[in-house]
Trainee: 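Supplied in structure tokens, the structure appears directly below.
Naming convention: chains lettered A, B, ... in sequence-line order (proteins, then strands); numbering from 1 in each chain. What you are looking at is a predicted structure, and each value in this text was computed from that prediction instead of being measured.
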Amino acid sequence: MSEYRPRDLDRKWQQRWASSRAFEVDVDPSRPKFYCLEMFAYPSGHAHVGHVRNYIIGDVIARTKRMRGYNVLHPFGWDAFGLPAENAAIKGGLHPEVSTRGNIAHMKGQLQRLGISYAWERELATCDAEYYKWNQWLFVRMFEKGLAYRRRSSVNWCPSCQTVLANEQVVDGGCWRCGIPVERRDLEQWFFRITAYADELLDGTDALSRWPDKVLTMQRNWIGRSEGARVTYPLEHPPGSGVGDSASAIEVFTTRIDTIYGATFVLLAPEHPLVAGLAEQSKDPASFRRQVQAFRAQDRAARMSGEIEKQGFDTGFRAINPFTNQPVPIWVANFVLGEYGTGAVMGVPAHDQRDFEFARKFNLPIRVVITPDGRPLDADGLAEAAEAYGTLVDSGEYSGLRSAEAQPRMVAAARARGLGEATVQYRLKDWGISRQRYWGTPIPMIYCDTDGIVPVPDGQLPVVLPTVAQFTGRGDSPLAQVPEFVDVNCPTCGGPARRETDTMDTFVDSSWYFYRFADPRNDRQAFDPAVVRYWLPVDFYSGGVEHAILHLIYSRFFARVFRDLGMVDHSEPFTQLLTQGMVLKDGAVMSKSRGNVVDPDTMIQKYGADALRLYVMFVAPPEKEVEWTDAGLEGSFRFLARVWRLVDHWVDAIGGEGVARGDVYLTVNAAERTLRRKTHETIRRVTSDIEERQQLNTAVSAMMELVNELYAFSDRAVTGAPGRRAGEDVAHAGGMERRETICVVREAVEALVRMLAPFAPHTAEEMWERLGRSTGLGAAAWPACDADVARAEEIVVPVQVNGKVRSRLTVPADVSEQELERLALADSAVRTYTTGKAVKKVVVAKGRLVSLVVQ
RNA sequence: GCGGAAGUGGCGGAAUUGGCAGACGCGCUAGCCUCAGGAGCUAGUGGCCGCAAGGCCAUCGGGGUUCGAGUCCCCGCUUCCGCACCA
């Protein structure tokens, strides 16, 4: 009798996998490939069980696919650039390079102690020059294609992180990382033209059938495509001098041109370019500017608190509604967004709730021009705006048309007069990637007074991040303080020039790392297209839902950039996406500051890696949030020990390479037949739970059922009695079993050990070895389900009378509907409910149920 | 406010196509084994009534469709998530 000692097994098998390079793979066109990937990790120092859950999910998939005969690529790496390491350095700690390398070493050890089957020879870190060189190379390609460009614009600035943030990185008005409210700053920045792919990124979501709807919805909303029109409102009296001349009209964006006859004012965002000019020409420029300034200052605070009160003021100027030809007042309003559309809107109070509130507050006229249900609306009696589509009224020649008919005609009319055109507007904006920080990829650009902006020639890449000794945390780029870095000769004219000193957003690093994994040591290219063609796209990708927009939309963008560079031949990089739920402790997300982290190493020390792996898979479906409990982990440990004892009990009888002769199954008894059925049914369930349904929790419970069945069977086999007998110790089976019993049990135990391998690989490998199998649990080791065996020959069919189950019939599985009906009506328990009553209806669901209606 | 997902025993969860609600595990109870048990084995464990056989009720609440609803439809409540003046 041997004891289950997981810690010894962990060590033994982890060493063996490493020395045999068990998980390293190469391109092999003769085998189907499977690329299994978990989002790589930011090396924060310590992984807690919440992080680790994701890697276990991926590992179960990877190990299963490997056993199913796939050539499985399962790599891991480090999203190693980023602010926390640099911030720690500012606080007087270690250089980011040193702390990052140390954190990587520790976290890698944690993953290895979990027995995650990574191809570690492909490990990469984005802070390696061999990696970020290709960030720079790609940046230059994008610059050449006009996909990377520089412009001055108002950007999000995090005062705490001392850097610019992309729109995607602003959450609830605050920095995604530290939560501090962001400010607006005008800065020269590099942008990636992701909007060039807006339509494609949106349409592409339809094809992502194996992504969660939630993520697709979030991406669609983020892209925010809306179709409408730009319409020009000429100024009533174009100012005769100065700024006004070139800006003698206001262009608005609207999705509801059908309501334009109801436009009774025009609203400008405080940031609108025309505002300064109007202020200049106004009666009281100082007061005008003061009010604009108040709105702009307000914006920041308002973002945090949510709703702000609508405010505005009349500029005193008027514009001409191009459809009514009537002048309407121009107001500046705090709720009009400068960044969206044209920064100006037409105010249609009768049919837009915001305009309605604004008009009521400032006593602006309300004109009804749409009747939703044909019944006239009274402008004075409106309680809220009538936003629904309907039939146009009081709209000149368009009166009487439906909204949908009117819109294209009105756009065409505006266009004919040069006062408008149909446009599509996106919420998505170009991705600002400049960061005024040190610990990132240097942007490979040079500024020359003669030649302007010049990319670093490919031959001079990588632009290596210089070692900086002092981190001050001041608001300019640390690289600007390194003269040896900044001062450079212009690649074109050779004269003195300056390097760009900003670094790239780290989301650039993570937008293509999954390609590099296919060919991680290539020093001539970012990757060999032929190798990528074999491995990509990623078949299974899992990670946190917090990347639903950020990383996943950027990666989809990069895939298209590589495609248009001719380097990949797909558009979507991730075929299937799983967003795993978080692990909570005491009802809250684990975090160092809360002090509620569960350390995987502590758990491994106590129960072994396999118990931890199994518990995390068993506790809930992968995408659900779970609450950590130590008791649950103990339960999984008990299960593994139970399996261990089972194997221990049978090992002498079933061990060795003996192969069952096919005909032995012809003489099995009833108990043996039941066990065989359970075995094959379990294979079917576990296989589909892992591969198709990704319900890893029910895969585990199916195996638990098989173990329970094996225990019950062992009891019978031991005692020779048909039923279970309390007190019998299954550990003393002796060697007296029938040949049939041995074959059936061997079949069951072997299948069990194999199916357990993805979840509890160390325990399974050890048991497999103890069973005397010379080949390990490698390729093609997955058990096969015999559908004929899995199918029950007898089934129990419930009989309902008026919707209540009154009897159960045990019948052959292939019983006909007629026979089932006959048996049901003849059943004595059923008859007590049917005698003296009329059977009005009989419904037979073949093989499932009989339902009688009596009266 | 808009959009999405969800609501099932004491707890985590299962029910795959509209067909026996509560698989599996945790916890709890009892028996066995044991020097001992925080080990193991066996049995029980949604509620109510009943000695029992059995019956009734039960999947957030209320309606509906159906022979049959946790599952489909309508109304409402609650929770979580995302978006949040996007014109």
Side-chain angles (χ1 to χ4, degrees), chain A residues 171-173 212-218 220-222 224-226 228 252-256 259 267 302-303 306-308 310 333-337 339-348 351-355 357-358 387 425-428 545-546 548-549 615 618-621 623-636 638-639 641-642 645 685 688-689 692-693 695 697-705 707-708 711-712 714-715 724-731 796-805 808 840-854:
Chain A
V171 178
D172 291 334
D213 286 340
K214 176 193 170 112
V215 173
L216 296 176
T217 303
M218 285 169 70
R220 288 175 189 134
N221 291 342
W222 186 262
R225 183 189 152 102
S226 66
V252 302
F253 174 73
T254 179
T255 56
R256 292 297 303 274
T259 65
L267 298 174
R303 271 276 152 81
E307 199 84 8
I308 50 165
K310 290 182 175 47
N334 63 343
F335 66 95
V336 178
L337 303 172
E339 326 83 87
Y340 185 78
T342 60
V345 298
M346 62 186 202
V348 186
H351 305 293
D352 181 283
Q353 184 59 26
R354 296 158 301 189
D355 299 343
E357 288 167 24
F358 195 76
E387 297 189 330
Q425 197 63 47
Y426 300 93
R427 215 185 77 116
L428 180 73
V545 74
E546 66 272 18
I549 295 173
Y615 165 62
F618 175 62
V619 67
E623 64 280 0
K624 258 196 90 142
E625 224 167 52
V626 297
E627 171 75 23
W628 175 269
T629 62
D630 286 353
L633 175 58
E634 278 176 49
S636 291
R638 279 203 295 271
F639 170 72
R642 191 166 148 86
R645 287 192 302 275
R685 281 176 62 187
S688 96
D689 279 354
E692 284 147 47
R693 304 204 311 143
Q695 294 279 303
N697 55 328
T698 51
V700 176
S701 68
M703 288 187 277
M704 288 173 168
E705 284 185 50
V707 170
N708 291 345
Y711 265 76
S714 302
D715 226 5
R724 296 170 182 176
R725 195 181 284 179
E728 291 292 343
D729 182 358
V730 298
V796 176
V797 177
V799 182
Q800 293 182 349
V801 180
N802 290 345
K804 293 200 160 66
V805 177
R808 293 184 170 80
K840 305 265 290 182
K841 189 167 183 179
V842 181
V843 179
V844 180
K846 194 167 183 299
R848 287 181 180 271
L849 162 145
V850 180
S851 181
L852 307 177
V853 185
V854 305

Trainee: Distance check, C1' atoms only: G7(B) and G61(B), in whole angstrom units.
Mentor: 12 Å
Trainee: Is the phosphate of C41(B), meaning OP1 or OP2, less than 4.0 Å from a side-chain N or O of R638(A)?
Mentor: no
Trainee: What nitrogen or oxygen pairs link the protein and nucleotides 4-12 of chain B at under 3.5 Å?
Mentor:
residue: G12(B); atom: O2'; partner: V619(A); partner atom: O; Å: 2.9

Trainee: Given that both distances must come in under 3.5 Å, which nucleotide forms a Watson-Crick or G-U wobble pair with C85(B)?
Mentor: none
Trainee: Can you tell me which nucleotide in G19(B), G25(B), C85(B) comes closest to the side chain of N708(A)?
Mentor: G25(B)
Trainee: Could you check whether G635(A) gets within reach of a base, just the sugar-phosphate, or nothing at all, counting any heavy atom under 4.0 Å?
Mentor: sugar-phosphate
Trainee: At under 4.0 Å between heavy atoms, what does V700(A) touch on the DNA or RNA strands: base, sugar-phosphate, or nothing?
Mentor: nothing
Trainee: In the strands shown, is U34(B) matched to any nucleotide by a Watson-Crick or G-U wobble pair with both distances under 3.5 Å, and which?
Mentor: none
Trainee: Heavy atoms under 4.0 Å, any strand shown: does V796(A) hit a base, just sugar-phosphate, or nothing?
Mentor: base
Trainee: Classify the nucleic acid contact of T629(A) as base, sugar-phosphate or nothing, counting any heavy atom under 4.0 Å across all strands shown.
Mentor: nothing
Trainee: Taking N and O atoms by type only, does the side chain of K840(A) place a donor or acceptor under 3.5 Å from a partner on the base of C67(B)?
Mentor: no
Trainee: Hey, does the side chain of R256(A) reach the backbone of E387(A) with a donor-acceptor pair shorter than 3.5 angstrom?
Mentor: yes
Trainee: Reckon R427(A) has a side-chain N or O less than 4.0 Å from the OP1 or OP2 of A84(B)?
Mentor: yes
Trainee: Using the P atom in both, what is the distance from C60(B) to G70(B), to the nearest Å?
Mentor: 10 Å
Trainee: Does K310(A) make a cation-pi contact with F335(A), if we ask for NZ or CZ under 6.0 Å from the ring centre and within 45° of the axis?
Mentor: yes
Trainee: Please classify G44(B) as syn or anti, treating any glycosidic angle within 90° of 0 as syn.
Mentor: anti
Trainee: At under 4.0 Å between heavy atoms, what does V853(A) touch on the DNA or RNA strands: base, sugar-phosphate, or nothing?
Mentor: sugar-phosphate
Trainee: Can any side-chain N or O of N802(A) pair as donor or acceptor with the backbone N or O of V854(A) at less than 3.5 Å?
Mentor: yes
Trainee: Nearest heavy-atom pair of V348(A) and D355(A): which atoms, and what distance?
Mentor: N-OD2, 2.8 Å
Trainee: Heavy atoms under 4.0 Å, any strand shown: does Q695(A) hit a base, just sugar-phosphate, or nothing?
Mentor: sugar-phosphate
Trainee: Pick the C1' atom in G22(B) and in G13(B), then give their distance to the nearest Å.
Mentor: 10 Å
Trainee: Which part of the nucleic acid, if any, lies within reach of R642(A) when heavy atoms closer than 4.0 Å are counted: base, sugar-phosphate only, or nothing?
Mentor: sugar-phosphate
Trainee: A side-chain contact here means heavy atoms from C-beta on lying under 4.5 Å apart; do M346(A) and T259(A) qualify?
Mentor: yes
Trainee: Between A84(B) atom C1' and L337(A) atom CG, what is the distance in whole Å?
Mentor: 11 Å
Trainee: Using the rule given for side-chain contact (heavy atoms from CB on, under 4.5 Å), can you reason through Q695(A) versus E623(A), listing the C-alpha separation, both sets of side-chain angles and the distance that settles it, and then say yes or no?
Mentor: CA-CA 9 Å; Q695(A) 294 279 303; E623(A) 64 280 0; 4.1 Å; yes
Trainee: Rounding to a whole Å, what distance do you find between D689(A):CG and A15(B):C1'?
Mentor: 12 Å
Trainee: Can you measure L849(A) atom CG to U66(B) atom C1' for me and round it to whole angstrom units?
Mentor: 13 Å
Trainee: Need the pair for C11(B). Rule: Watson-Crick or G-U wobble, both distances under 3.5 Å, any strand; none if unpaired.
Mentor: G25(B)
Trainee: Any base atoms under 4.0 Å from Q800(A), or only sugar-phosphate, or nothing? Heavy atoms, all strands.
Mentor: base
Trainee: If I pick the P atom on G25(B) and the same atom on C41(B), what distance separates them, to the nearest angstrom?
Mentor: 11 Å
Trainee: Return the set of residues passing ring pair (Phe, Tyr, Trp, His ring centres under 6.0 Å) with W628(A) (not counting sequence neighbours), or none when no residue passes.
Mentor: Y615(A)
Trainee: If I pick the P atom on U59(B) and the same atom on A52(B), what distance separates them, to the nearest angstrom?
Mentor: 26 Å
Trainee: Provide the closest heavy-atom pair for I549(A) versus M218(A) in the form atom of the first, atom of the second, distance.
Mentor: CD1-O, 4.0 Å
Trainee: Which one is paired to G46(B), where only Watson-Crick or G-U wobble pairs with both distances under 3.5 angstrom count?
Mentor: C57(B)
Trainee: Verify side-chain contact (heavy atoms from CB on, under 4.5 Å) between N697(A) and K624(A), making sure each step is shown before the conclusion.
Mentor: CA-CA 11 Å; N697(A) 55 328; K624(A) 258 196 90 142; over 6 Å; no
Trainee: Shortest non-hydrogen contact from P798(A) to V805(A)?
Mentor: CB-CG1, 4.1 Å
Trainee: Looking only at side-chain atoms of K804(A), point me to the closest of A15(B), C57(B), C85(B).
Mentor: C57(B)
Trainee: With nearest nucleotides of RNA chain B determined for A631(A) and Y340(A) from heavy-atom distances, which residue corresponds to the more 5′ nucleotide?
Mentor: A631(A)
Trainee: When the P atoms of C33(B) and C28(B) are considered, how many whole Å apart are they?
Mentor: 23 Å
Trainee: Under a 3.5 Å limit for both distances, which nucleotide forms a Watson-Crick or G-U wobble pair with G19(B), could you say?
Mentor: C67(B)
Trainee: Tell me which of R848(A) and M704(A) sits closer to the 5' end of RNA chain B, going by the nucleotide each one is nearest to.
Mentor: R848(A)
Trainee: Considering only atom P, compute the distance from G10(B) to G46(B) and round it to an integer number of Å.
Mentor: 10 Å
Trainee: Base, sugar-phosphate alone, or nothing: which one does N697(A) contact when heavy atoms must sit under 4.0 Å apart?
Mentor: sugar-phosphate
Trainee: Taking atom P in both A58(B) and G40(B), compute the distance separating them and give it to the nearest angstrom.
Mentor: 39 Å
Trainee: From the options C85(B), C24(B), C41(B), select the nucleotide whose nearest atom is closest to the side chain of S701(A).
Mentor: C24(B)
Trainee: Taking only side-chain N and O atoms of R685(A), does any of them lie within less than 4.0 angstrom of OP1 or OP2 on A23(B)?
Mentor: no
Trainee: Please give, in whole Å, the distance from U42(B) P to Y711(A) OH?
Mentor: 8 Å
